[in-house]
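A quick write-up on the structure given underneath.
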Amino acid sequence: MPELPEVETIRAGLEPHLVGRTFEHVEIADPRLTRPQDPVEIAAELTGETVEALDRRGKYLVVRFESGRVLLIHLRMTGSLLLLQNGTAEDAYRRAVVRLDNRSDVAYRDVRRFGTWLLLEPGELEPYLATRIGVEPLGRSLTVTSVVDRLAKRKAPLKALVLDQRLFAGVGNIYADEALWWARLHPLRPGHEVSRQELRALVKGIRRALRLGIARQGATLRDYRGADGAEGAMQTEFRVYGQAGKPCPRCGHEIEKTRVAGRGTWYCPSCQH
DNA sequence: CTTTTTCCCTGGACGC
DNA sequence: TGCGTCCAGGGAAAAA
């Protein structure tokens with residue numbers, strides 16, 4: 001499932017092929033993709049737009065056009081963007097294709113059809129994101145003090161808070177579990193009970209998990225692929241995620257699985273407090 | 001405002 | 001072989 005490291009890997013892989021290119025033809029096969037916007041209208045509006053930059057905010061891909069418009073893409077669970085250099089093999093899960101002015105195609109693939117494309121007019125991006133996501137966890141704006149302030153009155157379990165996109169934009173279920181393991185923090189600890197020292201460890205843990213994920217080009221469990229179709233290698237680095245019954249790589253105690261905030265949650269009951 | 005629950009989707013794993 | 005059930009989970013929206 002694409003989280004910050006996976007989206008960043010796709011962004012970096014696509015950027016050199018997209019920037020400066022013009023969308024020559026756009027086909028949207030799944031009307032759900034642009035809901036509530038009309039797919040035929042959106043395809044027509046995108047045609048002729050020239051890419052100025054490809055950015056990422058949280059788990060969103062931000063395609064900025066020279067016109068000032070933005071195509072905001074969210075891959076959700078199984079979305080992927082593949083650069084097709086020549087020839088296009090059949091793919092039952094291809095939901096959209098963009099032909100660029102250099103004859104190459106960018107194909108959007110999504111088995112479970114949760115992903116979304118949203119076309120925004122100039123000036124609409126910032127207010128749209130402002131209500132949905134907070135600062136970048138790998139950026140300078142995320143400080144221990146800001147986290148202390150924002151968690152002070154929160155009774156929700158740490159796992160739920162780490163997954164909150166307004167607190168840690170881009171962290172999903174995999175990296176949340178990995179970050180809590182690095183920080184030696186129990187996923188069920190209420191936010192307001194966590195000391196400043198521990199929150200410092202949490203911030204470090206989140207950054208460490210995300211950086212490792214980026215370095216390994218993301219985690220491929222089933223569907224995730226980079227823009228070039230390559231699998232990531234982060235799944236070989238998991239300390240706890242999906243590791244129930246295996247020994248904790250730090251203390252050797254058996255990793256346990258539970259359910260927090262409706263999500264599968266893996267942790268070491270011995271060294272995470 | 002915070003927190004919880006439901007829903008959207010499909011395919012793979014598993015039990016019988 | 002086939003069928004039913006559960007699980008994976010990000011975020012919108014509704015409910016509590």
Side-chain angles (χ1 to χ4, degrees), chain A residues 1-8 10 28-37 39 56-62 72-81 91-96 108-118 120 125 127-134 137 147 149-180 187-194 206 209-210 213 218-225 232 234-235 238 240-245 256-267:
Chain A
M1 51 250 41
E3 305 179 27
L4 188 154
E6 287 75 24
V7 179
E8 178 57 28
I10 290 170
I28 296 171
D30 181 7
R32 195 188 196 288
L33 184 60
T34 57
R35 215 165 60 178
Q37 296 175 317
R56 179 194 55 73
R57 279 286 283 119
K59 298 171 193 168
Y60 290 94
L61 266 177
V62 183
L72 192 61
I73 298 177
H74 200 301
L75 304 171
R76 297 290 176 103
M77 303 306 302
T78 55
S80 63
L81 284 162
D91 183 354
Y93 305 111
R94 188 169 298 158
R95 311 300 184 189
Y108 177 74
R109 178 177 205 273
D110 190 354
V111 172
R112 287 168 66 182
R113 304 166 63 211
F114 278 2
T116 54
W117 284 20
L118 182 64
L120 296 171
L125 178 68
Y128 184 88
L129 292 181
T131 60
R132 290 171 173 82
I133 63 175
V147 172
D149 290 346
R150 303 197 65 180
L151 295 200
K153 290 175 181 170
R154 301 291 296 268
K155 293 174 184 171
L158 267 186
K159 172 67 181 280
L161 297 171
V162 174
L163 285 173
D164 186 336
Q165 299 303 292
R166 289 161 303 175
L167 293 171
F168 306 105
V171 178
N173 204 41
I174 291 175
Y175 295 93
D177 280 2
E178 295 294 303
L180 288 168
L188 289 174
R189 278 277 293 284
H192 64 92
E193 277 187 10
V194 183
I206 287 171
L210 294 175
T220 298
L221 295 176
R222 178 170 297 134
D223 297 285
Y224 168 72
R225 295 291 185 282
M234 180 62 198
Q235 66 280 3
F238 289 161
V240 286
Y241 181 85
Q243 306 298 302
E256 287 185 8
K257 183 191 179 185
T258 183
R259 209 164 176 84
V260 184
R263 301 288 177 254
T265 299
W266 289 266
Y267 68 104

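Numbers restart at 1 for each chain; the letters A, B, ... are given by sequence-line order, proteins then strands.
Nearest to the side-chain atoms of A:Y128 among the listed nucleotides C:dA12, C:dG10, C:dC7 stands C:dA12. The side chain of A:R263 sits closest to C:dG10 out of C:dG10, B:dC8, C:dA8. For A:K155, taking side-chain heavy atoms from C-beta onward, the closest of the listed nucleotides B:dC9, B:dT3, B:dG11 is B:dT3. Looking at the side chain of A:R76, the nearest of the listed nucleotides B:dT2, B:dG11, C:dA12 is C:dA12.
A:M77 comes within contact range of at least one nucleobase, with a heavy-atom separation under 4.0 Å. A:G262 comes within 4.0 angstrom of nothing in the nucleic acid, heavy atoms only. Among the protein residues, A:R113 comes within range of the sugar-phosphate backbone only, with heavy atoms under 4.0 Å from sugar or phosphate atoms but none that close to a base. As judged by a 4.0 angstrom heavy-atom cut-off over every strand, A:R35 is placed among residues touching the sugar-phosphate backbone only. Among the atoms of the strands shown, only primed sugar atoms or phosphate atoms (P, OP1, OP2) are found under 4.0 Å from some heavy atom of A:R259.
Of the options A:L4, A:D164, A:L210, a side chain to side chain contact (heavy atoms under 4.5 Å, CB included) to A:V171 is made by A:L210 and by none of the others. Results of the side chain to side chain contact (heavy atoms under 4.5 Å, CB included) test with A:Y267 over A:V260, A:D177, A:T258 single out A:T258 as the only residue that passes.
Contact check, A:Q165 against C:dG11: a side-chain N or O comes under 4.0 Å of OP1 or OP2.
Of the inter-residue distances, the one linking A:I73 atom CD1 with A:Y108 atom OH reads 8.0 Å to the nearest 0.5 angstrom.
You won't find any donor-acceptor pair under 3.5 Å spanning the side chain of A:R112 and the base of B:dG11, going by distance alone.
Residue A:R166 contributes atom CZ, which lies 15 Å from atom P of C:dG10 at whole-angstrom precision. The separation between A:L151 atom CG and B:dT2 atom P is 11 Å, rounded to whole Å.
The shortest non-hydrogen separation linking A:V7 to A:K59 is CG2-O, 3.6 Å.
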